[in-house]
Amino acid sequence: MSLFWRIFSLNAAGLVVAAALLLGPVTVSTPVTSGEAVVVGTGLVALLVANAAVLRIGLAPLARLGSAMATADLLQPGARAAVAGPAEAAALITTYNTMLDRLEAERATSAARALSAQEGERGRVARELHDEVGQSLTAVLLQLKRVADRAPGELRAEVRQAQEATRGSLDEIRRIAGRLRPGVLEELGLLSALRSLAAEFTDHGLPVRREVRGGLPPLTGETELVVYRVAQEGLTNAARHSGADRAELTLGPAGNGVELLVRDNGKGLAGTREGTGVRGMRERALLVGATLTLTAAPGGGTDVRLRIPVPGAPTGEGR
């Protein structure tokens with residue numbers, strides 16, 4: 001029943017009862033006696049209380065809908081307002097839930113296109129760095145070697161320094177190209193790529209203890225790339241923003257899927273806002289139906305946990 005008919009029926013019933021009483025045993029004289037005032041006042045209070053109860057019950061679903069709308073986040077999909085209450089409220093909540101379904105589907109589609117384009121652009125930049133800039137620096141190294149072989153003794157040391165600086169730049173170019181386009185992921189698979197990623201961060205000042213277990217259920221190429229990018233972004237945040245001096249990288253079976261955990265001992269989540277890196281991780285997780293959570297790590301720091309359901313995977317004990 002709609003809210004209109006609930007209130008109208010209640011008021012109509014109250015007025016019919018009042019009219020029947022006035023036409024029957026109840027009378028109102030002039031001046032009004034104390035007994036008559038009590039009867040009329042009691043009836044009025046009862047009608048007001050009943051109206052307030054009907055309105056409170058009828059409007060409660062709209063209040064819940066307002067709360068759901070205020071907390072809706074397309075990067076954390078699945079939450080829906082419960083369809084309940086009068087017909088108008090139920091229709092409004094159903095329309096809102098349908099709209100949210102459409103928005104989440106459209107966002108997932110647009111995010112997939114954007115991330116696919118981003119990966120394509122990363123691959124193009126990585127190839128240009130490796131093939132063009134890398135080859136140019138290699139040619140410079142060869143020229144410097146020839147110059148060093150012919151240079152007089154007082155200049156040879158400076159040419160050697162230029163060689164080392166150029167070699168360091170070439171190594172840095174290769175490292176950047178490798179991060180933009182993880183060739184080891186394509187060539188050797190996810191486990192080797194994560195081991196290489198942990199070793200890279202360890203070499204650059206953030207010791208990473210890794211535990212990459214075998215026996216994973218088969219993952220698609222898109223899922224493996226999502227796992228790698230989330231691990232990469234989690235370790236990058238730990239190295240740049242958290243103030244951590246060590247981190248952990250764990251990947252293994254969990255429940256009916258796979259779980260990735262990146263843990264650091266930094267300053268934690270208190271007083272921090274989610275930046276573009278975390279939003280990017282959430283969008284990548286949505287592409288493969290995964291769940292990304294950020295929580296406080298035991299003893300301080302941050303846990304970045306990615307759970308990926310794998311259809312048909314055997315159910316085991318989760319972490």
Side-chain angles (χ1 to χ4, degrees), residues 73 75-76 111 115 118-119 122 125-126 168 171-185 188-213 216 219 222-254 257-288 290-308 318-319:
D73 186 355
L75 290 179
Q76 299 180 9
L115 291 175
Q118 183 186 79
E119 290 295 335
R122 284 184 172 189
V125 173
D171 291 340
E172 184 67 14
I173 288 293
R174 288 171 176 166
R175 186 184 68 83
I176 293 173
R179 295 193 68 184
L180 288 173
R181 180 174 177 265
V184 65
L185 178 63
L188 301 179
L190 179 61
L191 302 186
S192 296
L194 291 179
R195 294 188 185 102
S196 175
L197 182 66
E200 178 185 339
F201 276 90
T202 298
D203 293 341
H204 286 82
L206 179 66
V208 179
R209 185 178 70 85
R210 65 182 183 272
E211 183 181 350
V212 182
R213 311 180 203 130
L216 298 177
L219 303 175
E222 183 182 31
T223 301
E224 288 189 348
L225 183 59
V226 167
V227 173
Y228 181 85
R229 290 301 188 196
V230 169
Q232 186 181 54
E233 185 64 33
L235 290 175
T236 299
N237 287 342
R240 291 181 180 176
H241 308 300
S242 72
D245 57 17
R246 66 180 184 275
E248 299 176 20
L249 175 62
T250 305
L251 178 71
V258 174
E259 179 181 279
L260 171 74
L261 173 64
V262 179
R263 172 176 292 171
D264 65 63
N265 67 337
K267 60 186 179 182
L269 300 169
T272 61
R273 298 176 58 186
E274 290 192 358
T276 56
V278 175
R279 289 196 294 271
M281 287 192 288
R282 292 196 185 281
E283 289 181 349
R284 289 184 183 277
L286 289 178
L287 293 181
V288 294
T291 302
L292 181 81
T293 56
L294 278 74
T295 57
T302 305
D303 278 359
V304 179
R305 197 179 300 270
L306 179 72
R307 285 183 175 268
I308 305 171
R319 284 179 54 82

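Please read all numbers here as calculations on a predicted model, not as lab measurements.
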**OP:** Start with the C-alpha gap between Leu251 and Leu216, add the side-chain angles, then the distance that decides, and say whether side-chain contact (heavy atoms from CB on, under 4.5 Å) holds.
**Re:** CA-CA 9 Å; Leu251 178 71; Leu216 298 177; 3.7 Å; yes
To the nearest 0.5 Å, tell me how far [X] [atom1] sits from [Y] [atom2].
| X | Y | atom1 | atom2 | answer |
| --- | --- | --- | --- | --- |
| Thr202 | Leu197 | OG1 | CG | 9.5 Å |
| Thr250 | Arg209 | OG1 | CZ | 6.0 Å |
| Arg305 | Thr295 | CZ | OG1 | 6.0 Å |
| Asp264 | Leu235 | CG | CG | 9.0 Å |
| Glu211 | Glu248 | CD | CD | 8.5 Å |
| Thr223 | Leu190 | OG1 | CG | 10.0 Å |

**OP:** Check the surroundings of atom CZ in Arg246: do more than 12 heavy atoms from other residues, nucleotides or ligands lie under 6.0 Å from it?
**Re:**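 It does not: Arg246 CZ has 12 such atoms or fewer within range.
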Is [Y] close to [X] at the side-chain level, that is, under 4.5 Å between some pair of heavy atoms?
| X | Y | value |
| --- | --- | --- |
| Val262 | Thr302 | no |
| Leu194 | Arg210 | no |
| Val278 | Leu294 | yes |

What closest approach, in Å, do [X] and [Y] show between heavy atoms, and which atom pair accounts for it?
| X | Y | value |
| --- | --- | --- |
| Glu259 | Ala254 | CB-CB, 3.6 Å |
| Arg263 | Ala297 | CG-CB, 4.0 Å |
| Ala244 | Gly266 | CB-N, 3.7 Å |

Check for a donor-acceptor pair, side chain of [X] on one end and backbone N or O of [Y] on the other, with a separation under 3.5 Å.
| X | Y | value |
| --- | --- | --- |
| His241 | Asn237 | no |
| Thr236 | Gln232 | yes |
| Asp303 | Leu261 | no |
| Arg282 | Leu292 | yes |

